[in-house]
Chemist: 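For reference, the structure I am asking about is given below.
Order of the sequence lines fixes the chain letters, A, B, ..., with proteins taken first and strands second; residue numbering starts at 1 for each chain.
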Number of protein chains: 2
Amino acid sequence: MLEVARCCRLRRFERGAFVFFEGTRARAVQVLYTGRVKVVRETDDGREVIIRIIQPGEIFGGAGGWGREVYPATAVTLEDSRILELPSEDFATLVERYSDFAMAMIRELATRLREAEARILELQTERVERRIARTLLRLANKTGTKTERGIEIGVPLSRQSLADLCGTTLSTASRVLSGWDRAGIIFAEREHVTIRHAHQLVAIAEDIAEAE
Amino acid sequence: MLEVARCCRLRRFERGAFVFFEGTRARAVQVLYTGRVKVVRETDDGREVIIRIIQPGEIFGGAGGWGREVYPATAVTLEDSRILELPSEDFATLVERYSDFAMAMIRELATRLREAEARILELQTERVERRIARTLLRLANKTGTKTERGIEIGVPLSRQSLADLCGTTLSTASRVLSGWDRAGIIFAEREHVTIRHAHQLVAIAEDIAEAE
DNA sequence: CGTGTAATTGAGTAGGGTCAACGTGAGTGG
DNA sequence: CCACTCACGTTGACCCTACTCAATTACACG
């Protein structure tokens, strides 16, 4: 695996920089080293949907590696980030040569596929409030750190981003968060959310009747 | 590849039969030989979402093959069907031994992932009418046959199924189809849709102002 | 010819999207 | 250190899409 490291290039990106654009040639596969990245797709009329939020250690922009010509989405950094880039050809070679590696990729893709399908299920059946609750819980799980105030979500998360993540609008996301903040369930701050009482959020997410 | 065929078992299912259930052990990977199958997931409150409609020749229930313990969804036949089953272990062996096979699986999964993401995009940004138009066009593309009346969708498709496919309700799906039938865009029949004027449907799907 | 499943259609309603005006807090430069 | 600015966030009013509920009709199959 040393040979892998040798092919890699480390690049730095400022907050808000584009790592790659939808439709451009997929020359490399990227691995996030530090920072955060969002992968988004845009509609013709400018609405943005966040496909995935990338944590340090995760692979993204894999399209080139598994045979796509161009990136099917755009990647933007949410913080200053450092990213390892592995040329697509080298990646493909790895897959061919090492069956473990191939198997790992298959597992990775299968996991993501199930996540995507779960999201489809959610979008088709759940109301906005629940979707937001679930999204927050998911983010807390993946990126949260315990503080004395509660579980703090470790991604800079504007109301707009949250809306783009769970298929609603800025206004609605804001309203819902404000409501929960007032109810003491969360701390809703500028680009940051801290969950005070996860169980109440779970109750909303799972529609458990809340006995106050 | 002969050895593959040797491991396979051919099974027959009547219309409406369950090929496998969500949550049960994934012992085999299936390939549809003849007929049609829908892969669905259900919510706790009984709402059904169609994840995918399977055509002859397509693989489904791959979970076991790529390392999952249990099926994450349920498969039901839409017509009398014949299905080839390959034990999960044999499948895994194939992936390990033949890098072409592994690569093909990676491509397959990547394609599905992009399809799923496209659907997420649609669900988050498009209105019901457009989603139905797109779903019909997609089905027509995949399963359609030209007749003198137009392009006939080759899957038995009740209003309910259509609704489950594009995230709406029976009533709404029925209303929309009736409207289009009256407008002469499609023939809406019992469990069958034939597209008369695809361009008009495209216009709706892409929101092109229709000059009558 | 009866029975069950699919489909149609109406009336009523509300979730949440749209638009718009107004706060607010974090950087920036003097 | 303070004021200015800009992006982020809040909140209200309005309204429309599409869901819910429910009654009725049309088919297909035994």
Chemist: Taking CZ from B/R175 and P from D/dC21, how many angstroms apart are they, rounded to a whole number?
Modeler: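 Distance check: B/R175 CZ to D/dC21 P gives 14 Å.
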Chemist: Determine the minimum heavy-atom distance between A/A28 and A/S88, stating which atoms define it.
Modeler: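 Here A/A28 and A/S88 meet closest at N-OG, 3.2 Å.
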Chemist: How many Å lie between CG on A/L162 and P on C/dG16, as a whole number?
Modeler: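 In whole Å, C/dG16 P and A/L162 CG are 14 Å from each other.
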Chemist: For B/E191, answer base if it contacts any base atom (sugar-phosphate contacts may also be present), sugar-phosphate if it contacts only those atoms, and nothing otherwise; contact means non-hydrogen atoms under 4.0 Å.
Modeler: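 Result for B/E191 = sugar-phosphate.
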Chemist: Can you find a side chain N or O atom of A/T168 that sits less than 4.0 Å from OP1 or OP2 on C/dG17?
Modeler: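 A/T168 to C/dG17 OP1/OP2: side-chain N or O found under 4.0 Å.
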Chemist: In whole Å, I'd like the distance from the CD atom of A/E189 to the P atom of C/dT24.
Modeler: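 It is 16 Å, rounded to the nearest whole Å.
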Chemist: Round to a whole Å and report the spacing from CZ of A/R130 to P of C/dG15.
Modeler: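 It is 13 Å, rounded to the nearest whole Å.
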Chemist: Would you mind checking if B/E115 and B/K142 are paired as a salt bridge, meaning a charged N to carboxylate O distance below 4.0 Å?
Modeler: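 A salt bridge is absent here (no side-chain N lies under 4.0 Å from a carboxylate O).
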Chemist: Could you please name the option among D/dC19, D/dG9, C/dG16 that lies closest to any side-chain atom of A/R159?
Modeler: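 Side chain of A/R159 sits closest to D/dG9.
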Chemist: Could you pull out the closest heavy-atom pair between B/A198 and B/L137, with the gap in Å?
Modeler: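 Nearest heavy atoms, B/A198 then B/L137: O-CD2, 4.4 Å.
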Chemist: Looking at A/E117 and B/R41, is any side-chain nitrogen of the basic one under 4.0 Å from a carboxylate oxygen of the acidic one?
Modeler: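 No, B/R41 and A/E117 are not salt-bridged.
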Chemist: Nearest heavy-atom pair of B/Q30 and B/G61: which atoms, and what distance?
Modeler: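 What the structure gives for the nearest pair is OE1-O, 3.9 Å.
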Chemist: So, does A/R190 get its side chain near the phosphate of C/dT24, meaning an N or O under 4.0 Å from OP1 or OP2?
Modeler: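 Answer no for this pair, as no side-chain N or O of A/R190 is under 4.0 Å from OP1 or OP2.
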Chemist: Do the side-chain N or O atoms of A/S158 get closer than 4.0 angstrom to the phosphate oxygens (OP1, OP2) of D/dC8?
Modeler: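 Result: no.
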Chemist: In whole Å, what is the span from the CG atom of B/L123 to the P atom of C/dG17?
Modeler: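 After rounding, the gap between these two atoms is 13 Å.
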Chemist: Quick one: A/E126 CD to C/dG15 P, roughly how many Å, whole number?
Modeler: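 After rounding, the gap between these two atoms is 15 Å.
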Chemist: Nearest whole Å is fine: how far is D/dA23 P from B/L170 CG?
Modeler: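 From B/L170 CG to D/dA23 P: 16 Å.
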Chemist: Round to a whole Å and report the spacing from CG of B/L157 to P of C/dA6.
Modeler: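 Atom CG in B/L157 sits about 12 Å away from atom P in C/dA6.
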Chemist: Determine the contact category for A/R127: base if any of its heavy atoms lies under 4.0 Å from a base atom, sugar-phosphate if only primed atoms, P, OP1 or OP2 are that close, otherwise nothing.
Modeler: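 Sugar-phosphate contact only.
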Chemist: Is any side-chain N or O of A/S171 closer than 4.0 Å to OP1 or OP2 of C/dC19?
Modeler: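 No, because none of the side-chain N or O atoms of A/S171 sits under 4.0 Å from OP1 or OP2 of C/dC19.
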Chemist: With a 4.0 Å limit, can you tell me whether A/T172 has a side-chain N or O closer than that to the phosphate oxygens OP1/OP2 of C/dG16?
Modeler: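 So the side-chain polar atoms of A/T172 never come under 4.0 Å of the phosphate oxygens OP1 or OP2 of C/dG16.
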Chemist: Output yes when at least one side-chain N/O atom of A/S174 is less than 4.0 Å from OP1 or OP2 of D/dT10, else no.
Modeler: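 Looking at the OP1 and OP2 atoms of D/dT10, one of them is under 4.0 Å from a side-chain N or O of A/S174.
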Chemist: Under 4.0 Å, counting only non-hydrogen atoms across every strand here, what does A/R182 touch: a base, just sugar-phosphate, or nothing?
Modeler: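 Touches sugar-phosphate only.
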